[in-house]
Structure formats: structure tokens, C-alpha cells
Colleague: 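Pasting in a structure now, in C-alpha cells, and then I'll have a few things to ask.
This one's a predicted model, so the numbers in the text were calculated from it and none came from an experiment. A note on names: the letters A, B, ... follow the listed sequences, proteins ahead of strands, and every chain is numbered from 1.
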There are 2 protein chains.
Amino acid sequence: MSKSMNLARLLLDRFRWFDQALLMALNDRMGLKVTSAQSLLFADLPFDGIRQAHLARRLGVSRQAINELVQGLERQGLVEVVPDPDSRRSRLVRPTARGRKSVRLALETFSQVETELRTRIGDRPVDQLRRALASDWGDPPERSSMSPQGRVSGRLPT
Amino acid sequence: MSKSMNLARLLLDRFRWFDQALLMALNDRMGLKVTSAQSLLFADLPFDGIRQAHLARRLGVSRQAINELVQGLERQGLVEVVPDPDSRRSRLVRPTARGRKSVRLALETFSQVETELRTRIGDRPVDQLRRALASDWGDPPERSSMSPQGRVSGRLPT
DNA sequence: GGAATACCGTCAGGTAGCTTGACGTTATTA
DNA sequence: TAATAACGTCAAGCTACCTGACGGTATTCC
């Protein structure tokens, strides 16, 4: 059944496997009601701050989308937006104390979950999985017209 | 840089790599403006029809969500919803002629893209990738309260 | 030095993809 | 036969995106 499944579906399903674990950890252990999109931001949130435009490029979404996510996190007191000392047109998104705790929990969770996965399917497969995923795939084939934007989360949009 | 990236992000990015190729193929070769969510449905669309509730369970979303996607595809003439001969409370979602052509193109594209990937990163890594992804991971750890629903697409929602 | 250009965040308005809740219909189970 | 469960669907609401446009700030270029 899963043997003949296409790689795209498999990749998405496995992403959701991780994502679900993360969301549950953040919810249960810190009472956070972050969304999947917000939680993904955490992975790229250096403690010394980062520009929104930078995050946008990193995640492959528009600056506006990032702006919205950041505002949500700000409302929950997880990040604060401060002036960038290096450039007056930019502002830095930086986790608060509580935010840093969440970021740490998120990273911890990912690593724990990966460890758990190793006990389930073995060290070798996980290493091979990571290696295959992390190697350079280049740009997607079939390149052409079409809009460049993607989705940060895991939904099925445009 | 990508070496230390967490598996979740890697999985999502690679899913998007495939998804983008699919969307472009459907757009360029058939002029279809299907969304990412709709295109994912294709992977699970048997030519002899399937129930919406079945699709919902398969993709891990609500029946209502599927209903919406199906209506979108119906508007574009890609599927038709017909009575289920086996049960009067159910209806079958079945691709039209044009729909079947799209489904075939989608499957073809996935296979071509995978072939292309093999020439880029090698046969072994792709085989290992598929094997690791398709093996039984069991339920996500950290199980607990929280809502069960996930997202079909690739976005970052609740 | 000053003007064009490019980049930063953000407002406004719009869409797709979801959710929960509720309902009528049909099938299954007790 | 009566309760229960499953199917599709309507309604309302939210989140995650998008494009377009704007006013500030840097950078580049004559």
C-alpha cells in the first residue's frame, strides 16, 4: 500500500508526523497555542534576532506572510521586534525570554523525536534519509512560467 | 548549512520540490490551474470512483474540506460526482475523461521527476529515501490531547 | 552631491484551505 | 423497531497565504 505511494505524498505525510509531535510538545509542555506555520518559524529564529525579509526568503514566502506570523507570535509574547542597529529601514525579530524557552523546547523535541524514530526504524535508515534529503537536489525540473511562491506550512494551496 | 537542518524542514522543502514540478507540469502541459491541494487529490483518485469520506480519511482532513476541493475540481470539469450503486447515502467522485488525462499526467510527472532525481543524486540514495519514508514509523511520539486533524497541502496552519 | 534604483516593513483587500457545529438522509446494529 | 453511526452538505469563522501599493531608508551611478 505505501510501497507504491508517490514520494511527494510520503514526504508530506512524514513532515506532518514530525510537525504533529512538535505542536503537541509545545502545547502540552508550555501551553502554547502556536500554529504550524508559527512553529516552523522557530526553526529559523536565532536568539540575536533576524530580519523579516530574511525569514521570508528562507521559507520561500512573501514578506507580508512573514509579517503576519511575526505579529501573531508577538501578541503571544514570544518574540519582540526591535530596531536593527545596522540599518534603520530594518527591524529585528528576536525571541523574548519565553520565546527562547520555546525555541529550545522545539529544537529539543525535534531531536528527541528523531531519536525515537531511530529506535523504531533503525539508525541506518534515518542516516540515509537525512543524507538523501540534505544532498543537493538542484532546482525542480519542468521549470517554466508560473508563480515562484510556495507555502511555509503543509497545506495544499495554489 | 543544510547538514544541521531539522528533518521536518527538510521533508517539507523536498515535498515542495516535487509539488512545484507537478503544478508546473499540469499548468504548462494541460493548462490546468489546479491548486496544490487539488493536485494532491489526484494521487488518490481511482478511475472507477471513490467516496469523499474515504478521501477525507486518507488525506487526514475533514469531509467538509474534501467536499470543497471536489467542488473545485468539478467546476473545472475534471471530476464528476455520481451516485454510489452500493449505497444511497454515498456518492462517488470519479474523474472525467479530461480528469483521467490529468491523473495520468500527474502520475507520469511524479515518475519522471523521480527519474530525474536519480540522475542527480544517484539511484541508491533515492531507493534508501523511499525505503525509509515508506517503512512503518508508527504514531508520532508525544501523543496526548490536541486536535487530530492535519493539513493536506503544505501550509503551516493551526 | 543628487537622482534613480532597490530593499525594508506594512496597510489593504482578496483567495484557498482548513475547522467545528448542525442537519437530513440512509445504513447498521441491538 | 429503535438507537446509533456514517455520508454528504450548509453555514460561519479562522489562518495562511497572495498581489498591489506606499513611504522610509540604503545603495548605486552619473
Colleague: Please identify each residue that fulfils side chain to side chain donor-acceptor pair (under 3.5 Å) with A/E114, with sequence neighbours left out.
Modeller: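 In terms of side chain to side chain donor-acceptor pair (under 3.5 Å), with neighbours along the sequence ignored, A/E114 is linked to A/R118, A/R130.
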
Colleague: Quick one: side-chain contact (heavy atoms from CB on, under 4.5 Å) partners of A/E116, sequence neighbours excluded?
Modeller: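 Partners of A/E116 by the side-chain contact (heavy atoms from CB on, under 4.5 Å) criterion, ordered by chain and then number, come out as A/T119, A/R120, B/P141.
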
Colleague: Could you work out which one of D/dC18, C/dT10, C/dG17 sits closest to the side chain of A/A65?
Modeller: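 The answer is D/dC18, which lies nearest to the side chain.
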
Colleague: Do any side-chain nitrogens or oxygens of B/Q52 fall under 4.0 Å of OP1 or OP2 in D/dT9?
Modeller: yes

Colleague: Closer than 4.0 Å, any side-chain N/O of A/S36 to the OP1 or OP2 of D/dA16?
Modeller: no

Colleague: Is the shortest side-chain N/O distance from B/N67 to OP1 or OP2 of D/dT9 below 4.0 Å?
Modeller: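 For D/dT9, OP1/OP2 do have a side-chain N/O of B/N67 under 4.0 Å.
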
Colleague: Write out a two-atom table: protein N or O, nucleotide N or O from nucleotides 25-28 of chain D, distance below 3.5 Å.
Modeller:
residue: D/dT25; atom: O2; partner: A/R89; partner atom: NH1; Å: 3.3
residue: D/dA26; atom: OP1; partner: A/R88; partner atom: N; Å: 2.4

Colleague: Checking contacts here: which listed nucleotide (C/dG21, C/dG9, D/dC17) is nearest the side-chain heavy atoms of B/Q64?
Modeller: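 Ranking C/dG21, C/dG9, D/dC17 by closest atom to the B/Q64 side chain puts C/dG21 first.
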
Colleague: Given D/dC17, is OP1 or OP2 found less than 4.0 Å from the side-chain N or O atoms of A/R63?
Modeller: no

Colleague: Could you report the tightest heavy-atom contact between A/N67 and A/Q71, atom names first, then the distance?
Modeller: OD1-NE2, 2.6 Å

Colleague: Between B/I50 and B/E68, just flag the one whose closest nucleotide in DNA chain D comes earlier from the 5' side.
Modeller: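 Taking each residue's closest nucleotide, the earlier one in sequence belongs to B/I50.
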
Colleague: Minimum heavy-atom separation for B/L78 to B/S102, with atom names?
Modeller: CD2-OG, 3.6 Å

Colleague: Of the options D/dC17, C/dG17, D/dA11, whose atoms approach the side-chain atoms of A/A37 most closely?
Modeller: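 When the side chain of A/A37 is considered, D/dC17 is the closest of D/dC17, C/dG17, D/dA11.
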
Colleague: Quick one: does any side-chain atom of A/S39 pair with a main-chain N or O of A/L23 as donor and acceptor, under 3.5 Å?
Modeller: no

Colleague: Does any part of the side chain of B/P95, heavy atoms only, come nearer than 4.5 Å to the side chain of B/F47, both counted from C-beta?
Modeller: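 Yes - at least one pair of side-chain heavy atoms lies under 4.5 Å apart.
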
Colleague: Please check the phosphate of D/dC18 (OP1 and OP2 only) for any side-chain N or O of A/S62 closer than 4.0 Å.
Modeller: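 Affirmative; the distance criterion is met.
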
